[in-house]
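Notes to accompany the following structure.
Numbers restart at 1 for each chain; the letters A, B, ... are given by sequence-line order, proteins then strands. Here the structure is a predicted model, which is why all the values come from computation and not from measurement.
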Amino acid sequence: MSKKYRTHNCGELNIKHVGKDVLLSGWINKKRDHGNLLFIDLRDNYGITQCIIDKENSKFNELEKTPLETVIRIEGKVVNRSEDTINKEIKTGEIEIGIQKFNVLGTCKELPLPVFTDQEYAEDIRLKYRFLDLRRKKIHENIILRSKVISFIRNQMHELGFLEFQTPILTSSSPEGARDFLVPSRLNPGKFYALPQAPQQFKQLIMVSGFDKYFQIAPCFRDEDARADRSPGEFYQLDLEMSFVEQEDVFNVVETLLINTFKEFSKKKLLFNNFPKISYKEAMLKYGSDKPDLRNPLLINDITEIFLREDVSFEIFKRLVKKGSMVRCIVTKKTKDKPRSFFDNIDKWAKNQGASGLAYFTLEKDKEVSGKGPIGKFFSKESLEQIMSLTGAEIGDSIFLACSNKKDLERITSLAREKIAKDLDLIDDDTFAFCWVIDYPMFEINDVTNKIEFSHNPFSMPQGSLDNINFEKPLEILAYQYDIVCNGIELSSGAIRNHIPELMYKLFSIAGYSKNDVNQKFSGMINALSYGAPPHGGIAPGIDRIVMLLANEKNIREVTMFPMNQNAQDLMMNAPSDINDKQLKELNLSLRSKK
RNA sequence: GGGGGUGUAGCUCAGUUGGUUAGAGCGAUCGCCUGUCACGCGAUAGGUCGAGGGUUCGAGUCCCUUCACUCCCGCCA
């Protein structure tokens with residue numbers, strides 16, 4: 001046989017190959033030892049093939065003693081299995097290999113974690129031995145899925161006419177946004193590069209350079225603390241930017257791309273084939289959040305005005321409303337027969353969340369409409385009818401109310417929406433619900449400093465034009481700034497960019513930056529915009545989160561090949577690590593002694 | 001920086017009200033077994049109960065401190 005290691009892989013042999021002499025190489029996934037007969041499940045990237053050897057073979061004892069996860073080469077003949085021994089679970093289950101010879105290609109010590117199980121393991125062991133962890137079925141498949149998704153997206157982008165470019169990894173520190181990762185410069189002592197938080201400025205410069213449509217599967221670096229859906233350090237975005245476009249043009253590209261990708265890689269249903277567009281303001285009112293989960297049918301309504309009525313006697317809320325608080329509610333359909341415990345649990349839960357609780361009552365009708373439940377008696381028939389017309393509630397429905405300032409209300413009603421929907425089992429886990437959140441405000445007021453700040457990206461284009469924007473009321477200026485949300489997870493945000501220097505200076509001045517400040521801090525950008533910049537805009541969907549959704553995983557490490565732990569350490573490579581004095585000297589750095 | 005959870009054999013976990021020698025499954029080692037596919041059966045080895053301190057006649061169990069991992073808040077386009 002001319003091949004050295006294999007003639008076939010472990011996933012391709014079937015009934016058609018019976019009688020052939022083959023070479024297979026792979027890992028010993030599992031052994032089943034019958035004393036005089038030994039089954040070996042040989043595994044490689046492509047599948048598992050059962051191989052068999054018996055006492056007649058002189059190599060029997062040696063193979064019997066070879067540990068799991070040893071890499072071996074097997075020489076043998078493909079034989080078909082008898083009807084009753086066929087394994088329908090695996091692709092190669094109709095055949096097995098009668099082993100003639102074998103030899104060890106790579107030995108294996110006792111395993112720190114088993115490869116052959118679906119059990120869950122402590123994170124630090126998995127990360128330290130990631131190369132073993134990655135052999136395991138589920139995560140191995142996740143990583144392959146990730147590769148396929150990226151390659152699919154790349155093909156789609158090329159087909160849509162986008163050009164793929166690389167942008168610098170060593171760049172300059174930017175004043176806005178997240179904390180930068182810094183890299184000391186040897187040739188420029190005392191100066192530092194920063195790793196890009198995103199190729200934001202570069203992609204705009206690519207547009208100014210006339211390339212029209214750009215994309216990149218771009219690594220992004222942000223030195224912020226981790227979350228389950230946020231890697232410490234680095235993550236990937238599908239970064240894209242287009243010239244001569246309006247918001248709708250970007251939406252069309254992204255919707256096409258995401259719909260194709262999600263249809264290709266998941267069996268789950270798409271709730272909308274045209275993604276609904278929800279304004280930021282509406283999202284905050286109806287869902288209490290700018291990343292609403294539209295699988296959840298519950299809506300939030302403002303019913304503050306009810307508590308100004310003479311015929312409502314719920315004095316606690318009335319007093320708070322007089323002082324400026326608002327009242328918002330969630331209606332649950334046909335819950336009048338739910339046990340008292342259902343309501344009390346939610347109230348108790350809300351108190352645990354730091355709210356003063358969730359008041360509730362149920363709408364009933366005998367001769368006339370009445371409220372049943374702890375606070376039902378405080379509402380007149382007419383006020384209940386007004387609530388019904390404001391919220392769409394009907395007889396038999398229940399109403400949960402909270403009263404507070406706007407920010408706390410948004411927080412608690414958003415959480416309550418999720419909690420109640422879960423308790424009532426209202427969320428269809430088998431769907432993806434995408435939506436756009438649009439019309440973000442350009443500015444917001446900082447609670448602590450009471451100063452006006454950019455609420456998102458300062459380079460976003462305000463809605464309106466230089467001569468009709470009311471700069472006197474900056475908090476009312478909306479931006480062509482948009483987010484895409486799926487199942488309550490923020491997938492990306494983007495904007496039509498401000499390519500007009502004059503308008504840029506004006507907006508920055510509202511946020512307290514002088515023309516000089518802007519010229520200094522964003523010199524590359526503002527300079528470029530002064531030499532003929534096309535109108536342009538883009539977006540940057542998070543690749544890791546897209547793969548998370550497609551793989552149905554809750555943690556980003558499950559779709560990342562070599563992730564760091566929560567403290568931003570790579571336990572396998574021992575990063576970050578100490579460096580020696582020579583390196584420090586070359587970089588003109590000295591370390592402060594640690595406390 | 002703050003809050004919650006977890007930490008017992010190589011791995012996954014049990015361990016009662018504080019009470020004799022800390023257990024099980026998988027894995028390892030040895031033996032038996034020719035049709036398994038989570039093979040089966042028997043035996044053996046394997047423990048700083050995360051670490052340190054305290055209370056107690058006695059601590060895996062109670063208290064304090066501390067470390068590691070994780071989830072969340074802060075932070076984050």
Side-chain angles (χ1 to χ4, degrees), chain A residues 29-42 48-57 60 64-65 67-69 79 81-90 92-93 96 108-129 132-133 136 174 176-180 196-200 203 218 220-233 235 237 239 290-291 352-354 411 415 440 448 454-460 481-484 490-495 538-542 545 554-555 557 564-567 569 571:
Chain A
N29 191 58
K30 191 73 187 159
K31 287 192 295 186
R32 288 175 295 282
D33 188 353
H34 290 240
N36 294 316
L37 176 73
L38 172 66
F39 296 97
I40 298 277
D41 286 343
L42 196 69
I48 285 176
T49 301
Q50 174 167 285
C51 306
I52 183 165
I53 189 170
D54 69 16
K55 203 113 206 186
E56 305 295 300
N57 193 309
F60 179 85
E64 199 181 24
K65 295 220 162 12
L68 297 184
E69 293 306 309
V79 293
R81 300 203 203 176
S82 67
E83 196 68 34
D84 55 324
T85 60
I86 285 174
N87 183 351
K88 288 186 183 129
E89 303 290 311
I90 56 175
T92 61
E96 62 196 8
C108 182
K109 298 197 288 190
E110 187 175 349
L111 296 164
L113 68 95
V115 171
F116 171 72
T117 58
D118 296 327
Q119 250 172 24
E120 294 191 26
Y121 301 99
E123 203 73 30
D124 39 356
I125 293 167
R126 291 183 60 192
L127 293 182
K128 183 169 179 192
Y129 297 96
L132 288 177
D133 192 34
R136 297 168 64 222
S174 64
E176 300 283 321
R179 197 176 293 117
D180 283 319
Q197 296 182 19
Q200 180 63 35
K203 71 172 170 179
C220 304
F221 306 89
R222 290 172 199 165
D223 188 5
E224 298 294 350
D225 288 355
R227 289 290 182 278
D229 62 351
R230 205 167 80 198
S231 294
F235 60 96
Q237 288 184 337
D239 195 42
D290 64 349
K291 35 186 178 180
N352 272 332
Q353 299 300 311
R411 190 183 70 86
L415 289 171
Y440 276 82
V448 184
F454 288 106
S455 62
H456 280 73
N457 186 334
F459 300 123
S460 298
Q481 163 92 39
Y482 36 83
D483 275 15
I484 192 154
E490 180 190 318
L491 278 188
S492 75
S493 65
I539 193 164
R545 287 188 185 168
K554 289 207 164 55
N555 193 298
R557 287 186 299 270
M564 297 199 282
N565 70 9
Q566 196 173 39
N567 298 321
Q569 300 159 337
L571 299 177

Quiz prompt | Secondary structure string for RNA chain B (Watson-Crick or G-U under 3.5 angstrom, | for other-strand pairs) | solution = (((((((..((((.....[...)))).(((((.......))))).....(((((..]....))))))))))))....
Self-check item: Where protein sits on nucleotides 65-70 of chain B, one letter per nucleotide: B base, S sugar-phosphate only, - none, heavy atoms under 4.0 Å
Solution: ---SSB
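Residue A:Tyr121 is in sugar-phosphate contact alone, with no base atom involved, counting any heavy-atom pair closer than 4.0 Å across all strands shown. Across all strands, A:Leu111 comes closer than 4.0 Å only to sugar-phosphate atoms, never to a base (heavy-atom distances). Within the 4.0 angstrom heavy-atom criterion, base atoms lie near A:Asn87. Using a 4.0 Å heavy-atom criterion, one finds that A:Ile48 contacts no nucleic acid atom at all.
For the side chain to side chain donor-acceptor pair (under 3.5 Å) test, residues two or more places apart in sequence or in another chain that qualify with A:Gln50 are A:Arg32, A:Glu96. Partners of A:Tyr129 by side chain to side chain donor-acceptor pair (under 3.5 Å), not counting sequence neighbours: none found. Annotation: ring-ring contact (aromatic ring centres under 6.0 Å, His included) contacts of A:Phe454 (sequence neighbours excluded): A:Phe443, A:Phe508. Judged as a side chain to side chain contact (heavy atoms under 4.5 Å, CB included), and not counting sequence neighbours, the contacts of A:Leu37 are A:His34, A:Phe39, A:Ile52, A:Asp54. Applying the salt bridge (charged side-chain N to carboxylate O under 4.0 Å, His left out) rule to A:Arg227 yields no partners; only residues at least two apart in sequence or on another chain are considered. In this structure, the ring-ring contact (aromatic ring centres under 6.0 Å, His included) partners of A:Phe459, at least two apart in sequence or on a different chain, are A:Phe522. Take A:Asp118 and apply the side chain to side chain donor-acceptor pair (under 3.5 Å) test, not counting sequence neighbours, and it matches no residue. With sequence neighbours left out, the side chain to side chain donor-acceptor pair (under 3.5 Å) criterion links A:Ser460 to A:Gln481. By the salt bridge (charged side-chain N to carboxylate O under 4.0 Å, His left out) test, A:Glu123 pairs with A:Arg557, sequence neighbours left out.
In this entry the distance linking CG of A:Leu68 with P of B:U29 reads 9 Å, nearest Å. Separating the NZ atom of A:Lys291 from the P atom of B:A77 is a distance of 12 Å, rounded to the nearest angstrom. The distance between atom CG of A:Leu38 and atom C1' of B:U34, rounded to the nearest whole Å, is 11 Å. Look at CG on A:Asp180: it is 10 Å from P on B:A77, rounded to the nearest Å. As rounded to whole Å, 16 Å separates atom P of B:C76 from atom CD of A:Gln237. Going from atom CG of A:Asp118 over to atom P of B:C13 covers 14 Å, rounded to whole Å. As rounded to whole Å, 9 Å separates atom P of B:U29 from atom NZ of A:Lys65. Taking atom CD of A:Glu56 as the reference point, atom P of B:U34 lies 12 Å away to the nearest angstrom.
Closest to the side chain of A:Gln50, from the set B:C37, B:G31, B:A77, is B:C37. The side chain of A:Glu490 approaches B:A77 more closely than any other nucleotide in the set B:C75, B:U34, B:A77. Picking from B:A28, B:C76, B:G35 the nucleotide with the shortest atom distance to the side chain of A:Arg230 gives B:C76. Nearest to the side chain of A:Ile125, among B:C33, B:U34, B:C11, sits B:C11.
B:G4 and B:G47 are spaced 29 Å apart, taking the C1' atom of each and rounding to whole Å. Comparing B:U17 with B:U56, their P atoms sit 23 Å apart, to the nearest whole Å. Between B:C11 and B:G27, the distance separating the two C1' atoms is 7 Å to the nearest Å. The gap from the P atom of B:G25 to that of B:A9 amounts to 16 Å, rounded to the nearest Å. Remark: the separation of the P atoms in B:G3 and B:U65 is 11 Å, to the nearest Å. A gap of 12 Å separates the P atoms of B:U6 and B:G15, to the nearest Å. Taking atom C1' in both B:A68 and B:C26, one finds a spacing of 25 Å when rounded to whole Å. With both ends at atom P, the span from B:A45 to B:U12 equals 24 Å, rounded to whole Å.
Looking only at side-chain heavy atoms (C-beta outward), A:Asp483 and A:Ser492 stay at 4.5 Å or farther from each other. Counting only heavy atoms from C-beta outward, the side chains of A:Leu68 and A:Phe116 never approach each other to under 4.5 Å.
A donor-acceptor contact under 3.5 angstrom links the side-chain atoms of A:Asp225 to the base of B:G74. Side-chain atoms of A:Glu96 and base atoms of B:G35 include a donor and an acceptor less than 3.5 Å apart.
For the 3.5 Å distance criterion, the side chains of A:Asp133 and A:Tyr121 fail to qualify, holding no donor opposite an acceptor.
With RNA chain B read from its 5' end, the first of the two nearest nucleotides for A:Asn36 and A:Glu120 is the one closest to A:Glu120. Residue whose closest nucleotide on RNA chain B sits further toward the 5' end, between A:Glu110 and A:Gln200: A:Glu110.
Close to B:U36, at under 4.0 Å from its OP1 or OP2, lies no side-chain N or O of A:Arg32. Within the structure, a side-chain polar atom (N or O) of A:Arg227 is placed less than 4.0 Å from OP1 or OP2 of B:C73.
Taking a centre distance below 5.5 Å and an interplanar angle below 30 degrees as the stacking criterion, A:His34 does not stack against the six-membered base ring of B:G40.
Between the side chain of A:Gln237 and the main chain of A:Ala198, no donor-acceptor pair closer than 3.5 Å is present. Put simply, the side chain of A:Glu224 gets close to the backbone of A:Arg179: a donor and an acceptor are under 3.5 Å apart.
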Filtered N/O pairs between nucleotides 22-26 of chain B and protein, under 3.5 Å:
none

